[in-house]
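Everything below concerns the one structure shown next.
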2 protein chains.
Amino acid sequence: MTDQTDLRLTPQRMAVLEVLRAADDHPTAAEVYERVRRASPGIGSATVYRTLALLVSTGRALELTLGDGAAARYDANTRRHDHAVCDGCGRAVDLDHPVPDGMMAEIARRSGFAITGYDLQFRGLCPDCQGSDRQTTPSEGALHAEA
Amino acid sequence: MTDQTDLRLTPQRMAVLEVLRAADDHPTAAEVYERVRRASPGIGSATVYRTLALLVSTGRALELTLGDGAAARYDANTRRHDHAVCDGCGRAVDLDHPVPDGMMAEIARRSGFAITGYDLQFRGLCPDCQGSDRQTTPSEGALHAEA
DNA sequence: GTGATACTGAGAGTCGTTCTCAATGAAGCC
DNA sequence: GGCTTCATTGAGAACGACTCTCAGTATCAC
């Protein structure tokens with residue numbers, strides 16, 4: 001994406017990137033801040049927010065809004081991928097299943113948009129929540145239920 | 001969706017629903033509040049937020065998070081549909097192009113999720129912004145650029 | 001070493017949203 | 001009609017997430 005020069009790799013930025021790479025649960029900015037503080041107790045929240053924005057803008061991380069109305073989440077996996085979000089426990093897992101190019105072209109043709117990307121989240125119940133049936137608030141009708 | 005009884009149709013709720021039905025631009029809750037106040041100046045913001053949540057939970061409206069990190073948006077079009085969001089002007093338009101059932105089944109099989117729905121937004125430039133090239137902040141890399 | 005610039009932490013401020021609570025009003029019963 | 005019950009309301013405080021400001025610090029090029 002944008003050029004990767006002009007980016008000073010300070011200890012604080014390294015710490016944020018490390019936390020993001022070590023996480024497999026798509027942490028929110030507040031969670032990243034909390035984890036970074038364990039390694040670098042003196043770091044400020046503004047620095048974490050700034051660094052996350054920087055990592056996103058330079059293509060080193062992805063910002064996700066998982067449609068639950070909550071805070072943005074971050075993902076160090078910058079390969080093209082989608083997400084499945086569990087209505088029971090809120091967990092989000094990565095999916096490798098790109099939208100077919102033909103579908104993108106069809107959308108572009110019908111809407112007149114010059115499509116540059118998309119954002120796709122499936123919702124449902126993860127295997128754990130299906131088994132234990134510990135579905136708390138199924139956010140019924142939240143966005144696009146009963147597809 | 002859920003039962004439509006047990007919902008008292010007060011003037012305030014009517015006003016919110018009217019605003020939502022008259023809007024074709026997916027207003028935020030704050031925008032809905034502002035428009036409702038023109039018709040019912042005495043209405044409070046809590047009432048508008050409560051009513052929007054109620055309309056969503058009873059299936060009379062959809063809540064959208066268009067991935068721009070901004071506030072939730074609302075849509076009185078409750079038919080199954082997706083959105084295309086312009087990176088130039090931020091406008092969101094409705095799309096009628098459901099994800100193929102086969103793809104949903106494939107995702108469910110691979111992830112182990114019991115998929116109940118999905119949320120799909122395309123991003124790019126609307127015809128107007130392509131023409132005038134007045135793209136301000138293309139939110140580059142925001143979620144899933146360069147698909 | 002010096003000056004310019006990028007970066008930092010602290011904390012106040014902003015924004016969108018939710019919560020609390022007393023007042024109001026509609027429905028149901030007698 | 002009078003009473004009770006309970007849903008609904010508006011006002012405003014509170015909350016969480018995030019951004020902005022600013023003075024101090026670190027790093028770079030020369």
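Just the heavy atoms: all of them, side chains too, but no hydrogens, waters or symmetry mates, feed the values below. Model, not experiment: these values are computed from the prediction. Lettering of chains follows the sequences in order, A, B, ..., and the numbering in each one begins at 1.
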For [X] and [N], what is the distance between atoms [atom1] and [atom2] respectively, to the nearest whole Å?
X      : N       : atom1 : atom2 : answer
M14(B) : dT8(D)  : CE    : P     : 15 Å
L52(B) : dG16(C) : CG    : P     : 14 Å
L9(A)  : dA26(D) : CG    : P     : 18 Å
Y74(B) : dT17(C) : OH    : C1'   : 9 Å
E31(B) : dT17(C) : CD    : C1'   : 15 Å
L55(A) : dC7(C)  : CG    : P     : 12 Å

**Prompt:** With no hydrogens and no angle check, do the side chains of Y74(B) and E63(B) hold a donor and an acceptor under 3.5 Å apart?
**Reply:** yes
**Asked** With distance as the sole criterion, is a donor-acceptor pair present between the side chains of T10(B) and R8(B) under 3.5 Å?
**Response**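 No, R8(B) and T10(B) have no side-chain donor paired with an acceptor closer than 3.5 Å.
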**Message:** Between R109(A) and E106(A), is the salt bridge (Lys or Arg N to Asp or Glu O under 4.0 Å) condition met? List the steps.
**Reply:** CA-CA 5 Å; R109(A) 195 181 61 75; E106(A) 175 70 11; 3.2 Å; yes
Expected output: side-chain [X] to main-chain [Y] donor-acceptor under 3.5 Å:
X       : Y       : value
R123(B) : D119(A) : no
S40(A)  : I43(A)  : no
Q130(A) : G112(B) : yes

Identify every side-chain donor-acceptor pair in residues 19-27 of chain A under 3.5 Å, counting partners at least two apart or on other chains, and give the distances.
{"residue": "D25(A)", "atom": "OD1", "partner": "R35(A)", "partner atom": "NH1", "Å": "3.3"}
{"residue": "D25(A)", "atom": "OD2", "partner": "R35(A)", "partner atom": "NH2", "Å": "2.9"}
{"residue": "H26(A)", "atom": "ND1", "partner": "A92(A)", "partner atom": "O", "Å": "3.1"}
{"residue": "H26(A)", "atom": "NE2", "partner": "D75(A)", "partner atom": "OD2", "Å": "3.2"}
{"residue": "H26(A)", "atom": "NE2", "partner": "H83(A)", "partner atom": "NE2", "Å": "3.3"}
{"residue": "H26(A)", "atom": "NE2", "partner": "D94(A)", "partner atom": "OD1", "Å": "2.7"}

**Rounded (10°) bend between the five-pair end axes of the helix from dG1(C)-dC30(D) to dC30(C)-dG1(D)** =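 Overall, the helix from dG1(C)-dC30(D) to dC30(C)-dG1(D) bends by 30° from one end axis to the other.
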**Prompt:** Roughly how far apart are Y49(B) OH and T47(B) OG1, rounded to 0.5 Å?
**Reply:**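 It comes to 12.0 Å.
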**Fill in**
Per-nt protein contacts along nucleotides 8-15 of chain C (heavy atom under 4.0 Å; B base, S backbone sugar-phosphate only, - none) come out as BBBB----
**Asked** Can you find a side chain N or O atom of Y49(A) that sits less than 4.0 Å from OP1 or OP2 on dT19(D)?
**Response**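 For dT19(D), OP1/OP2 do not have a side-chain N/O of Y49(A) under 4.0 Å.
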